Amino acid sequence: MDKHYQLPETQDGTVLFNTDPIIQKYHYEIDYLHSYAQDSPFFVGLSQGKLLGSHCTSCGRRFATPRGICMECGGKTEWFELPREGRVHTFTTCHFGGEAFLKETPFTLILVEFDGVDTLFLSRLVGAEPEEVYIGMPVWARFIRNSKFKPTDVYFVPR
Amino acid sequence: MRPVYMISGGITKFAKAHPQSDFRKMVADAFEYALADLPGLSRDAIDGSVCSYFSDHFTRQLMAGAMVQDYLGLDPKPSRRVEGGGATGGLCFQSAWESVASGRLNCCLAMGFETMGRVNTWKGNEFIALASDTNFDFPVGGFYSGYYAMMVQRHMHEFGTTVEQMAKVSIKNHANALYNPYAQRPGKLTIDEVRSALMVATPLTLLDICQMSEGAAVVVLASEEVAQRFGGTPVKVTGVGSGTDAMRMADRPHGKVILLPHETEEEYADLKYPGVHSFRGGRMAAKLAYEMAGIGNPGEELDFVELHDAYTSSEIQTCEDLGLCRYGEGGSYVDSGAPFLPNLDYGLSFSGSEQWPRLPVNPSGGLLACGHPVGATGLMQAVFAFWQLQGTIGKHLRDTTLQIPDARRGLIHSHAGTGTYITVSILERV
């Protein structure tokens with residue numbers, strides 16, 4: 001036993017953001033394994049230049065943003081390929097955003113409607129100035145070549 | 001189910017940041033206020049609690065609810081946490097109501113907080129946007145103000161709603177808050193000031209949107225027997241309702257309106273509902289709450305409404321969901337002056353339409369002006385409603401301006417996501 005033992009100390013400082021009260025500032029980040037699971041075929045589709053929706057095998061409802069189970073009747077759904085062309089259902093240009101997207105501002109978000117499809121699809125519109133966008137505007141899907149397996153692998157341009 | 005009464009409540013000042021208080025201290029301050037406000041009420045009378053806070057990211061402390069229970073000296077009594085985005089506070093209120101209505105508890109504390117000032121606003125916006133689908137929505141530019149902007153663009157397209165009408169909501173709620181010392185951002189504004197504020201997501205400016213906040217609120221709900229024991233001026237909870245909708249607004253159906261008793265199918269023959277312009281979950285919540293409270297025409301039968309105006313646009317949308325006016329009339333409803341307090345000068349002239357009875361909406365200042373510390377917000381609404389119905393606004397706000405004379409029945413409305421969880425509760429004077 002050593003009653004004179006002292007914990008070894010380092011020269012690392014602590015970032016104090018404030019002194020009264022004591023506020024520390026520190027950074028944290030993590031690696032996270034995000035599984036697309038049953039939505040995976042949609043992202044595979046994007047990498048092949050296809051926009052996949054799903055339709056209900058029971059009631060026939062067609063979803064532009066795919067769902068594994070029909071929200072109307074609970075039936076199972078199957079994949080189908082959406083048309084490349086749609087229309088702007090609604091839109092906004094974001095001048096601010098969450099931290100992850102701040103450097104991309106201003107960007108224009110649109111909900112796209114497709115003929116014969118019951119629901120909408122959220123995407124970005126590029127190639128149009130904010131004041132040029134309007135509800136009903138015809139738009140066309142384009143895919144990035146180097147797929148990132150993200151919903152931003154597809155984007156829309158004016159048609 | 002047995003009758004449930006609100007017997008006391010308390011709130012802290014809402015502010016951008018409260019660095020001198022952590023979440024426990026904030027709730028303790030609100031709890032202390034509630035205890036002091038009802039002579040004889042002590043922590044011994046509390047049988048258990050429900051705690052509400054939205055984001056573990058903001059707290060950076062898991063099981064924070066248990067820590068509040070501990071800090072308040074309520075261990076080993078039962079407690080739990082509820083969470084449901086922006087509606088967390090409203091869900092907490094209804095969860096505490098269920099505890100008492102079911103007979104499981106005789107006196108239940110509903111306590112909520114949020115500590116959003118611990119990260120910068122952009123990170124806060126990212127945390128909030130994580131309450132959108134992380135497969136399809138968040139990665140496209142996750143930002144709730146963007147989602148609400150898209151909804152109101154469609155509302156404007158369908159119904160002719162204008163940015164000036166939205167600005168009037170901002171003027172109303174900020175001006176009401178001038179008489180509410182708990183509010184975070186009171187102010188006297190003009191339409192020009194609202195429209196020339198920083199553009200956040202077209203057409204929403206900084207003054208169309210509530211702020212990040214810190215604060216806490218508590219509500220004490222009790223059985224009739226407990227309420228009688230403590231005396232004071234209890235208020236009865238006469239109706240609760242809640243509803244839901246798809247997380248992704250892209251998935252919203254375009255079908256038929258859920259009708260309230262005073263509406264007919266014919267008047268909505270051409271309306272595709274809810275689309276992205278209306279909140280089906282809010283309508284469901286209202287319908288259920290009205291049925292329980294026996295309300296046939298809310299515009300006529302309510303004396304005030306405290307609703308979840310995270311955006312000026314969502315106040316307009318919500319007035320329609322609640323049936324205060326018809327779908328599509330939300331903008332004209334604001335123009336008419338019906339939702340404004342009659343005793344305040346807003347610097348606005350109203351349309352003079354007498355289509356709708358005067359029914360103050362967000363007399364407290366709402367989320368726009370009071371702030372929105374998420375887990376506390378729905379409980380804050382309950383506390384303001386409680387004070388209105390007690391007739392004690394003057395005592396608590398140290399100013400009687402916001403007291404609605406002879407207020408008998410009020411509605412509180414809490415709302416999450418893009419209308420994903422919504423609660424409506426009805427409180428009445430006894």
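All values derive from a computational prediction rather than experimental measurement. Per chain, numbering begins at 1; letters A, B, ... match sequence-line order.
- Distance check: A/L111 CG to B/Y147 OH gives 10.0 Å after rounding to the nearest 0.5 Å.
- Aromatic ring centroids of A/Y36 and B/F136 lie 6.0 Å or more apart.
- The heavy-atom pair separating B/P19 from A/I23 by the smallest distance is CB-CD1, 3.7 Å.
- Dense packing is recorded around NZ of B/K16, with more than 12 heavy atoms of other residues, nucleotides or ligands lying under 6.0 Å away.
- Counting heavy-atom neighbours within 6.0 Å of B/E265 CD, excluding the residue itself, gives a total of 12 or less.
- Across all non-hydrogen atoms, the minimal contact from B/T202 to A/T93 is OG1-N, 2.9 Å.
- Counting heavy-atom pairs under 4.5 Å between each of A/D20, A/L120, A/T152 and chain B puts A/L120 at the top.
- Inter-residue side-chain proximity for B/M151 and A/T90 is flagged as unmet; no heavy-atom pair is nearer than 4.5 Å.
- The number of heavy atoms from other shown groups lying within 6.0 Å of CG (A/D2) is above 12.
- Other residues, nucleotides and ligands contribute only 12 or fewer heavy atoms inside 6.0 Å of the CD atom of B/E32.
- Within the model, atoms CZ of A/F96 and CD1 of B/I209 stand 9.5 Å from one another, a figure rounded to the nearest 0.5 Å.
- More than 12 heavy atoms of other residues, nucleotides or ligands sit less than 6.0 Å from atom OH of B/Y327.
- Only the side chain of B/F127 has a heavy atom closer than 4.5 Å to any heavy atom of chain A.
- A pairwise comparison of heavy atoms in A/F101 and B/G142 identifies CE1-N, 3.2 Å as the closest pair.
- For the residue pair B/N125 and A/G97, the shortest heavy atom distance occurs at CB-O, 4.1 Å.
- Interface summary for chain A: among B/M150, B/E126, B/K123, the most heavy-atom pairs under 4.5 angstrom belong to B/M150.
- Open room surrounds CD1 on A/I69; 12 or fewer heavy atoms of other groups in view lie less than 6.0 Å from it.
- Among A/V112, A/D39, A/I110, the residue making the largest number of heavy-atom pairs under 4.5 Å with chain B is A/D39.
- Between B/A250 and A/T65, the closest heavy-atom pair is CB-OG1, 3.7 Å.
- Taking A/A64, A/P66, A/S123 one by one and counting their heavy-atom pairs under 4.5 Å with chain B, the maximum is reached by A/P66.
- At a threshold of 4.5 Å between non-hydrogen side-chain atoms, the residues B/F143 and A/L109 do not count as touching.
- For chain B, the option among A/N18, A/T119, A/T92 with the highest count of heavy-atom pairs below 4.5 Å is A/T92.
- Contacts between B/T121 and chain A at a heavy-atom distance below 4.5 Å are absent for every atom of the residue.
- One distance of note links CZ of A/F17 with CZ of B/R118; it measures 11.5 Å at 0.5 Å rounding.
- Under a cut-off of 6.0 angstrom, the local environment of NZ in A/K50 is sparse, with at most 12 non-hydrogen atoms contributed by other residues, nucleotides or ligands.
- Among B/P139, B/P253, B/A149, B/G124, the residue making the largest number of heavy-atom pairs under 4.5 Å with chain A is B/P139.
- Note: B/R154 leads B/R154, B/Q20, B/Q153 in heavy-atom pairs under 4.5 Å with chain A.
- The CG atom of B/D251 sits 11.0 Å away from the CG atom of A/D118 when rounded to the nearest 0.5 Å.
- Of the listed residues A/K25, A/R61, A/R67, A/K150, the one with more heavy-atom pairs under 4.5 angstrom with chain B than any other is A/R67.
- Heavy atoms closer than 4.5 Å to chain A are found in the side chain of B/N120, but not in its backbone.
- Heavy-atom minimum distance, A/F43 versus B/N135: CZ-O, 3.5 Å.
- For B/L198, the part lying under 4.5 angstrom from a heavy atom of chain A is the side chain only.
- Of all the listed residues (B/M249, B/H277, B/H254), the one sharing the greatest number of non-hydrogen pairs under 4.5 Å with chain A is B/H254.
- Between chain B and the options A/E104, A/M71, A/H34, heavy-atom pairs under 4.5 Å are most frequent for A/H34.
- The cationic group of B/R60 lies under 6.0 Å from the six-membered ring centre of A/Y28 and within 45° of the ring axis, placing it in a cation-pi geometry.
- Both the backbone and the side chain of A/F91 come within less than 4.5 Å of a heavy atom in chain B.
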